[in-house]
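I have placed the structure first, in the form of structure tokens, so that the comments after it can refer back to it.
Proteins come first, then strands; the chains are lettered A, B, ... in the order of their sequence lines, and each starts at number 1. What's counted below: heavy atoms across the whole structure, side chains too, no hydrogens, waters or symmetry copies. Nothing here was measured: the structure is a model prediction, and the numbers come from that model.
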Amino acid sequence: MFFQELPTMSLLPLLNDRFAAALAAVGAPNAQPLVQQAGRPEFGDYQMNGVMGAAKALKLNPREMAQKVIDAVDLAGIAASLEIAGPGFINIKLADSFLAQRVETALGDAQLGVDALPRQKVMVEYSSVNLAKEMHIGHLRGGIIGDALARIQGFVGQEVVRQNHVGDWGTQFGMLVAYMVETSKTGNASLELGDLDSFYKKSKVRFDEDPAFADTARDYVVKLQGGDAEVLALWKQFVAISLTHCNAIYQKLGLLLNDDDVRGESFYNDDLPVLVNELREKGLLTESDGAQVVFLDEFKNKEGDPAAFIVQKQGGGYLYATTDLGAIRFRTRELKLDRCLYVVDSRQALHFQQLFTTARKAGFLAADAQFEHIGHGTIMGPDGKPLKTRSGDTVKLGDLLDEAVERAFALVSSKNPDQDEATRREIARAVGIGALKYADLSKNRNTDYIFDWDAMLSFEGNTAPYLQYAYTRVQSIFRKVGDWDRRGALLLSEPAEHALALELARFADVVHQVARDSMPHFLCAYLYNLATAFSRFYEACPVLQDGVANTSRLKLCELSGQTLARGLNLLGIEVLETM
RNA sequence: GCGCCCGUAGCUCAACCGGAUAGAGCAACGGCCUUCUAAGCCGUAGGUUACAGGUUCGAUUCCUGUCGGGCGCGCCA
């Protein structure tokens with residue numbers, strides 16, 4: 001028992017493996033064990049649901065079969081008890097010694113016990129702003145979610161390529177360059193470009209009111225496409241300025257994105273005619289009203305009309321469908337991606353279905369290539385409609401981030417009036433941005449959600465500040481303890497200790513799940529459960545008593561702190577030593 | 001017109017391949033600070049999962065229909 005080799009595999013795969021073997025031993029080799037977390041505490045830690053289905057298939061009594069599975073399963077040193085319940089559930093209580101060993105293992109591991117997944121080259125495409133305009137609230141979710149997914153993929157050992165597929169091409173850039181030339185004559189260009197939105201609006205006004213300006217703008221588009229050096233240089237200048245705006249936002253939001261991650265739509269320009277020719281040679285193209293389209297039977301409506309995927313406009317121009325196909329080709333042929341996560345608004349779901357279907361038909365995507373649209377909903381205002389400013393304008397992202405920090409500063413100041421301002425500013429930054437990100441990440445990304453400052457910054461319930469606060473409580477203990485001797489054994493006796501150790505042991509399964517499903521709200525839910533388990537433990541189990549530290553509990557504290565910090569880090573949220 | 005998504009407690013949200021008595025937080029009510037940060041913990045109350053059928057040992061989950069909401073649908077991205 002003392003030197004028994006215990007597996008390092010994370011909990012769910014381990015339990016599923018052992019029960020799969022047991023099912024095979026009792027004559028159900030193909031049955032799924034279906035182990036999951038217990039639905040209620042009184043059911044134990046985990047429950048195994050696979051017996052009922054297997055018994056049904058074999059026409060056996062499920063409870064009798066469950067008993068056979070219990071007799072057959074090898075969970076020595078892992079489970080403390082196995083019980084049949086209800087129609088044939090098997091409830092599993094894990095052994096304290098096993099959980100203690102898990103905690104010790106994770107503490108000695110930089111990955112906190114999270115094994116690397118089979119290595120893949122994974123791209124996360126996110127943010128992908130239109131450089132013609134300033135970043136607004138519509139860019140928030142994609143940025144936050146994409147960044148979290150990129151961090152998580154990296155943590156589980158993938159080769160991650162972040163990609164900012166910026167919109168840096170199209171007719172509007174002719175207009176913008178024309179306006180740059182015009183304002184540079186009055187010496188105002190650099191000043192005006194400080195506010196991209198008004199620059200865009202003013203150039204649009206000029207375009208609409210002055211035919212001569214409009215002609216110039218159109219001329220610049222042609223020159224741009226023709227590679228005219230002078231216009232190209234101006235365009236590059238505009239792109240660079242717009243990117244500095246983006247980078248400032250990324251920095252404020254704490255996103256990993258930088259200039260190295262940018263590959264704009266313009267990058268694929270030269271390939272578009274080639275690509276369209278290839279589609280034609282493969283017999284996928286049909287001319288329709290002067291445009292080149294791919295008809296997809298997969299998206300036929302009831303009348304039998306197939307949906308059209310336009311890859312070339314009448315007149316010869318290309319569209320984002322073409323660019324996206326070019327990007328797929330580049331990513332498979334040149335970058336050799338195994339997987340690509342497109343973090344883009346759900347409203348583009350049909351586009352991506354058509355895109356991937358066309359790419360597969362054209363042979364741009366291998367059968368096993370995992371190219372996925374990671375859709376997300378819209379941020380709504382209190383009225384349930386897309387969030388706007390009071391005056392009805394689009395909410396600028398920079399303003400939103402500033403407001404988050406300002407609101408957090410007011411709250412921090414009222415809570416800790418004695419702290420110096422610099423400290424409160426720093427806390428407010430981490431808390432405000434963290435709250436904003438967590439409010440987003442903790443919701444199922446598929447649906448819209450209602451934006452609510454008070455809820456995200458209330459510092460109560462399932463919020464970033466609650467998690468950050470739990471972390472500071474851990475750190476506070478270690479500040480009090482100073483140096484400590486970690487040689488003592490980790491023994492779990494109290495229910496709150498068992499519950500906390502169980503949560504800690506689940507970390508790997510949750511991270512793996514999110515890496516697989518790209519659903520960050522599962523990680524949030526986990527961290528909230530962990531923080532709650534820690535808070536209960538903190539209330540029920542004193543770590544320091546009469547000046548003496550309890551080594552077992554210190555170890556639980558240590559791993560709790562590390563797991564909270566790492567989990568929040570994977571979400572792009574900072575932790576603080578004090579709040 | 002066609003297609004996709006959604007409808008869960010007063011509010012905001014969960015529910016992992018179909019699992020047990022549908023879970024949290026906020027708001028409401030009641031407790032707990034001389035002790036590691038009370039931004040905390042404990043408890044009470046709150047539900048015909050839009051509605052009607054069907055499949056199943058078992059349905060918030062799958063299927064059909066109805067109602068309600070959002071979004072998308074050949075030359076924007």
Side-chain angles (χ1 to χ4, degrees), chain A residues 12 32 34 36-40 43 47 49 52-53 55-56 62 85-89 91 128 130 167 169-172 265 288-293 295 299-303 305 307-315 317-321 323-324 344-351 353 375 377-378 380 384-385 411-412 415-416 431 439 442-444 446-450 452 454-456 458-463 465-466 468-470 472-481 509-510 513 517 519 521-522 524-525 528-529 532 535-536 538-540 542-546 549 553 557 578-579:
Chain A
L12 275 176
Q32 295 292 311
L34 299 178
Q36 62 177 217
Q37 256 194 290
R40 304 167 150 272
F43 296 156
Q47 61 184 59
N49 301 335
M52 279 136 357
K56 179 96 179 160
F89 296 99
N91 290 337
S128 302
N130 176 358
W169 204 245
T171 51
Q172 53 201 334
E265 294 178 331
S288 175
D289 295 332
Q292 298 297 320
V293 309
F295 281 117
F299 302 98
K300 251 192 296 211
N301 63 22
K302 278 180 183 168
E303 280 80 59
D305 304 324
F309 192 55
I310 301 181
V311 297
Q312 192 170 20
K313 307 194 264 195
Q314 53 176 256
Y318 301 105
L319 305 94
Y320 76 131
T323 309
D324 280 351
V344 180
D345 194 305
S346 295
R347 285 174 288 197
Q348 294 194 35
L350 179 60
H351 166 71
Q353 284 182 29
T378 305
M380 301 301 202
K385 292 176 182 166
L411 287 163
V412 170
K415 194 74 193 171
N416 300 310
V431 167
S442 60
K443 275 138 198 135
N444 187 321
N446 285 316
T447 47
D448 300 340
Y449 76 89
I450 293 178
D452 184 344
D454 293 333
M456 73 178 78
S458 77
F459 298 176
E460 286 169 2
N462 189 8
T463 63
Y466 175 83
Q468 289 168 320
Y469 175 67
T472 65
R473 289 175 119 186
V474 175
Q475 297 313 101
S476 176
I477 288 173
F478 285 106
R479 273 196 300 278
K480 281 241 159 47
V481 169
D509 283 335
V510 173
Q513 182 189 1
D517 303 342
M519 296 293 253
H521 78 288
F522 283 113
C524 295
Y528 180 61
N529 284 335
T532 302
S535 292
R536 287 176 178 157
Y538 182 91
E539 302 277 340
V543 179
L544 309 172
Q545 270 179 314
D546 305 322
R553 291 177 179 173
C557 288
T578 58
M579 277 174 78

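The shortest side-chain heavy-atom distance between A:Val543 and A:Lys480 does not fall under the 4.5 Å cut-off. Considering only heavy atoms from C-beta on, A:Cys524 stays 4.5 Å or farther from A:Lys443 through its side chain. In this structure, A:Tyr449 and A:Met380 have side chains that are not in contact, with every pair of non-hydrogen atoms separated by 4.5 Å or more. A:Thr323 has its side chain out of reach of A:Trp169: every pair of non-hydrogen atoms, C-beta onward, lies at least 4.5 Å apart. Taking the side chain as every heavy atom from C-beta outward, A:Tyr466 and A:Ser535 approach each other to under 4.5 Å.
Of the P atoms belonging to B:C76 and B:G1, the separation is 27 Å, rounded to the nearest Å. Taking the P atoms as reference points, B:C32 lies 49 Å from B:G69, given to the whole Å. Nucleotides B:C16 and B:U55, compared at atom C1', are 23 Å apart to the nearest Å. The gap from the C1' atom of B:G74 to that of B:G70 amounts to 24 Å, rounded to the nearest Å. The P atoms of B:G53 and B:C41 are separated by 43 Å, rounded to the nearest whole Å. Comparing the C1' positions of B:C36 and B:G31 gives a spacing of 23 Å, expressed to the nearest Å. Separation of the C1' atoms belonging to B:G72 and B:U8 is 26 Å when rounded to the nearest angstrom. Rounded to the nearest Å, the gap between the P atom of B:C5 and that of B:C62 is 10 Å.
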With pairs defined as Watson-Crick or G-U wobble and both distances under 3.5 angstrom, please note down RNA chain B as a dot-bracket string, | for pairing with another strand.
-> (((((((..((((.....[...)))).(((((.......))))).....(((((..]....))))))))))))....

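Within the 4.0 angstrom heavy-atom criterion, no nucleotide atom of any strand lies near A:Ala525. Counting any heavy atom pair closer than 4.0 Å across all strands shown, A:Ile450 reaches sugar-phosphate atoms only and no base atom. Here A:Asp452 lies out of heavy-atom contact (under 4.0 Å) with every strand. A:Asp345 comes within 4.0 angstrom of no nucleic acid atom, judged by non-hydrogen atoms across all strands. Within 4.0 Å (heavy atoms only), A:Ser535 reaches sugar-phosphate atoms of the nucleic acid but no base atom. A:Asp509 comes within 4.0 angstrom of nothing in the nucleic acid, heavy atoms only. Residue contacts for A:Leu544: at a heavy-atom cut-off of 4.0 Å it reaches a base atom on one of the strands shown. Within 4.0 Å of A:Gln292, counting heavy atoms only, lies no atom of the nucleic acid at all. A:Thr578 comes within 4.0 angstrom of a nucleotide base, judged by non-hydrogen atoms across all strands. Contacts of A:Ala85 with the nucleic acid, taken as non-hydrogen atoms under 4.0 Å apart, include base atoms. A:Tyr466 comes within 4.0 angstrom of the backbone, heavy atoms only, and of no base.
In this structure, A:Asn444 atom CG and B:G7 atom C1' are separated by 14 Å, rounded to whole Å. For the pair A:Tyr318 OH and B:A77 C1', the computed distance is 18 Å after rounding to whole Å. Between the CG atom of A:Asn529 and the P atom of B:C16 there is a distance of 14 Å, given to the nearest Å. Between A:His351 atom NE2 and B:C76 atom P the separation is 14 Å, expressed in whole Å. Between A:Gln47 atom CD and B:A20 atom P there is a gap of 7 Å when expressed in whole angstrom units. Summarising the geometry, the separation between CE on A:Met52 and P on B:G58 is reported as 12 Å, rounded to the nearest angstrom. Straight-line distance from the CD atom of A:Gln545 to the P atom of B:U34: 17 Å, rounded to whole Å. Summarising the geometry, the separation between CG on A:Asn49 and C1' on B:A59 is reported as 14 Å, rounded to the nearest angstrom.
OP1 or OP2 of B:A15 sits under 4.0 Å from a side-chain N or O of A:His521. OP1 or OP2 of B:G70 has not a single side-chain nitrogen or oxygen of A:Lys385 nearer than 4.0 Å. In terms of phosphate contacts, A:Arg347 brings no side-chain nitrogen or oxygen within less than 4.0 Å of OP1 or OP2 of B:A77. Contact annotation: A:Tyr449 does not reach the phosphate of B:A14 (side-chain N/O to OP1 or OP2, under 4.0 Å).
Ring pair A:Tyr320/A:His351 is parallel by interplanar angle, where below 30° counts as parallel and above 60° as perpendicular.
Atoms CD and CZ, from A:Gln47 and A:Arg40 in turn, are 10.5 Å apart once rounded to the nearest 0.5 Å. Taking OG1 of A:Thr378 as the reference point, atom CD1 of A:Ile450 lies at 12.0 Å (rounded to 0.5 Å). The CG atom of A:Asp509 sits 9.0 Å away from atom CD of A:Gln37, with the distance rounded to the nearest 0.5 Å.
The side chain of A:Tyr469 lies closest to B:G40, out of B:G74, B:G40, B:C36. In the set B:U12, B:G74, B:A38, the nucleotide with an atom closest to the side chain of A:Lys443 is B:U12. The side chain of A:Arg473 lies closest to B:A38, out of B:A38, B:C73, B:C75. Of the listed nucleotides (B:G40, B:C75, B:G72), B:G72 has the atom at the smallest distance from the side chain of A:Leu350.
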Show your reasoning for whether side-chain contact (heavy atoms from CB on, under 4.5 Å) applies to A:Gln32 and A:Asn49.
-> CA-CA 9 Å; A:Gln32 295 292 311; A:Asn49 301 335; over 6 Å; no

Could you go step by step and tell me if A:Thr578 and A:Arg479 meet the side-chain contact (heavy atoms from CB on, under 4.5 Å) rule?
-> CA-CA 11 Å; A:Thr578 58; A:Arg479 273 196 300 278; 3.5 Å; yes

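Stacking annotation: A:Phe299 is not stacked on the base of B:G3 (requires ring centroids less than 5.5 angstrom apart and an interplanar angle below 30 degrees). A stacked arrangement is assigned to A:Phe89 and the six-membered base ring of B:A20, with a centre-to-centre distance below 5.5 Å and an interplanar angle below 30°.
Of all heavy-atom pairs spanning A:Asn91 and A:Ala85, the tightest one is ND2-CB, 3.4 Å. In plain terms, the two heavy atoms of A:Ile310 and A:Lys313 that are nearest each other are CG2-N, 4.5 Å.
Looking only at distances, a side-chain donor or acceptor of A:Asp452 sits under 3.5 Å from a matching main-chain atom of A:Asp454.
In textbook terms, a nucleotide whose glycosidic angle is within 90° of 0 is syn, and B:C17 is one such case. In this structure, B:G46 is classed as anti because its glycosidic torsion departs from zero by more than 90°. Applying the 90° criterion around 0 to the glycosidic angle, B:C33 comes out syn.
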With the sugar-phosphate defined as primed atoms, P, OP1 and OP2, and the base as all remaining atoms, what B/S/- string results for nucleotides 22-32 of chain B, 5' to 3', for protein heavy atoms under 4.0 Å?
-> -SSSS------

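Along RNA chain B, the nucleotide nearest A:Ala540 and the nucleotide nearest A:Ile310 are compared for position; the residue whose nucleotide lies closer to the 5' end is A:Ala540. Checking A:Pro542 against A:Phe522, the closest nucleotide of RNA chain B that is more toward the 5' end is the one next to A:Phe522.
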